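Below is one structure, written out as structure tokens; comments come after it.
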Amino acid sequence: QVQLVESGGGLVQAGGSLRLSCVASGSIFAIKDMGWYRQAPEKQRESVAAITFGGSTTYADSVKGRFTISRDNAKNTVYLQMDSLKFEDTAVYYCNADILSLRSSRYTDYWGQGTQVTVSS
């Protein structure tokens with residue numbers, strides 16, 4: 001079974017940094033896009049950053065210039081480097097990947113369990 005597991009969340013002061021990691025494992029044939037989403041209480045889930053297999057990236061306006069997404073295709077891993085963190089970055093961060101498994105004939109979206117990021121003032 002395909003799984004995504006995030007790590008690296010925690011409590012940090014405003015202006016600080018965190019680096020999130022997400023590893024995909026299981027019966028994986030191929031991975032296309034990967035990305036990070038976040039959801040704060042009483043708000044809808046929003047896209048934070050995305051990266052294609054070839055390394056093209058996109059960012060939400062709210063994090064542009066502060067966050068950097070990257071990936072290691074050999075390790076099936078995507079990262080999110082978060083710098084200059086603000087209180088409004090506080091949310092549960094979810095890893096997402098579009099994956100073709102060995103048992104499937106189509107790509108399917110997979111989600112991690114989420115990791116809490118809390119920014120204090």
Side-chain angles (χ1 to χ4, degrees):
Q1 183 178 355
V2 174
Q3 288 184 302
L4 300 179
V5 180
E6 301 103 330
S7 62
L11 176 64
V12 65
Q13 289 186 336
S17 298
L18 285 174
R19 192 190 194 207
L20 306 183
S21 299
C22 173
V23 180
S25 62
S27 302
I28 297 171
F29 184 82
I31 303 176
K32 294 198 293 185
D33 295 346
M34 305 184 81
W36 291 93
Y37 291 71
R38 68 186 181 187
Q39 187 167 20
E42 306 299 322
K43 292 188 176 182
Q44 291 189 321
R45 189 172 300 185
E46 64 175 348
S47 176
V48 176
I51 184 168
T52 68
F53 178 84
S56 297
T57 59
T58 57
Y59 297 93
D61 288 341
S62 59
V63 307
K64 200 169 298 180
R66 299 187 297 118
F67 291 9
T68 303
I69 188 171
S70 61
R71 66 190 287 172
D72 185 335
N73 292 329
K75 297 180 179 180
N76 290 334
T77 301
V78 62
Y79 306 93
L80 186 67
Q81 178 67 42
M82 303 184 293
D83 298 320
S84 301
L85 282 161
K86 304 175 180 179
F87 174 77
E88 48 264 48
D89 295 319
T90 297
V92 177
Y93 284 71
Y94 296 91
C95 175
N96 170 260
D98 198 13
I99 297 174
L100 180 66
S101 75
L102 295 176
R103 302 192 303 171
S104 178
S105 60
R106 61 180 178 87
Y107 281 87
T108 302
D109 260 7
Y110 288 86
W111 294 87
Q113 81 288 346
T115 184
Q116 177 71 48
V117 172
T118 303
V119 183
S120 63
S121 59

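What you see below is based on every heavy atom in this structure, not just the backbone, and it leaves out hydrogens, waters and symmetry mates. Given the structure is predicted, the values throughout are model-derived calculations rather than measurements.
Looking at heavy atoms from C-beta onward, R38 lies in side-chain contact with S62 at the 4.5 angstrom threshold.
The minimum heavy-atom distance between G8 and L18, with the atom names listed, is O-CD2, 3.8 Å. For the pair Y79 and S21, the tightest heavy-atom approach, listed with the atom from each and the gap, is CD2-OG, 3.3 Å. Taking every heavy atom of both residues into account, G112 and Y94 meet most closely at O-CD2, 3.7 Å. When all heavy atoms are compared, the tightest approach of A14 to S121 is CB-CA, 4.5 Å. Of all the heavy atoms in A91 and A40, the pair that sits closest is CB-N, 3.9 Å. Considering all non-hydrogen atoms of both residues, S17 and S84 come closest at OG-N, 4.3 Å.
Hydrophobic clustering places L80 together with V12 (ILVMFWY residues linked when any side-chain heavy atoms are closer than 4.5 Å, directly or through intermediates). Criterion: ILVMFWY side-chain heavy atoms under 4.5 Å apart, direct or through other members. Under it, L20 and Y37 are not part of a common hydrophobic cluster. Y59 and V117 end up in the same hydrophobic cluster when Ile, Leu, Val, Met, Phe, Trp and Tyr side chains are linked at under 4.5 Å. Taken together through direct or relayed side-chain contacts under 4.5 Å among Ile, Leu, Val, Met, Phe, Trp and Tyr, M34 and Y110 form part of one hydrophobic cluster.
The distance from the OG1 atom of T68 to the CZ atom of R66 is 11.0 Å, given to the nearest 0.5 Å. We find the CG-OG distance between L85 and S120 to be 10.0 Å, quoted to the nearest 0.5 Å. For the atom pair R71 CZ and T77 OG1, the distance stands at 10.0 Å (nearest 0.5 Å). Rounded to the nearest 0.5 Å, atoms CG (L4) and CD (Q113) are 9.0 Å apart. Put simply, CG on D33 and CG on N96 are 8.5 Å apart, with the number rounded to the nearest 0.5 Å.
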Step by step, work out the side-chain contact (heavy atoms from CB on, under 4.5 Å) result for W36 and C22. CA-CA 9 Å; W36 291 93; C22 173; 3.7 Å; yes
Before you tell me yes or no, could you show the steps for I31 and N76 under side-chain contact (heavy atoms from CB on, under 4.5 Å), namely the whole-Å CA-CA distance, both residues' side-chain angles and the distance that decides it to 0.1 Å? CA-CA 8 Å; I31 303 176; N76 290 334; 3.6 Å; yes
Hey, mind stepping through M82 and V63 against side-chain contact (heavy atoms from CB on, under 4.5 Å) and telling me if it holds? CA-CA 9 Å; M82 303 184 293; V63 307; over 6 Å; no
Passes side-chain contact (heavy atoms from CB on, under 4.5 Å), Q116 versus T90? Steps please. CA-CA 8 Å; Q116 177 71 48; T90 297; 4.1 Å; yes
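Using a distance-only test at 3.5 Å, with no hydrogens or angles considered, a donor-acceptor pair links the side chain of N73 to the main chain of F53. Between the side chain of E6 and the main chain of C95, a donor-acceptor pair closer than 3.5 Å is present. Put simply, the side chain of R103 never gets that close to the backbone of S27: no donor and acceptor are under 3.5 Å apart.
For the side chain to side chain contact (heavy atoms under 4.5 Å, CB included) test with V2, the passing option among L102, L100, I99 is I99; the others fail.
For Q1, the CD atom is loosely surrounded, since the number of other residues' heavy atoms within 6.0 Å does not exceed 12.
In summary, D61 and K64 engage in a salt bridge, as defined by a charged side-chain N under 4.0 Å from a carboxylate O.
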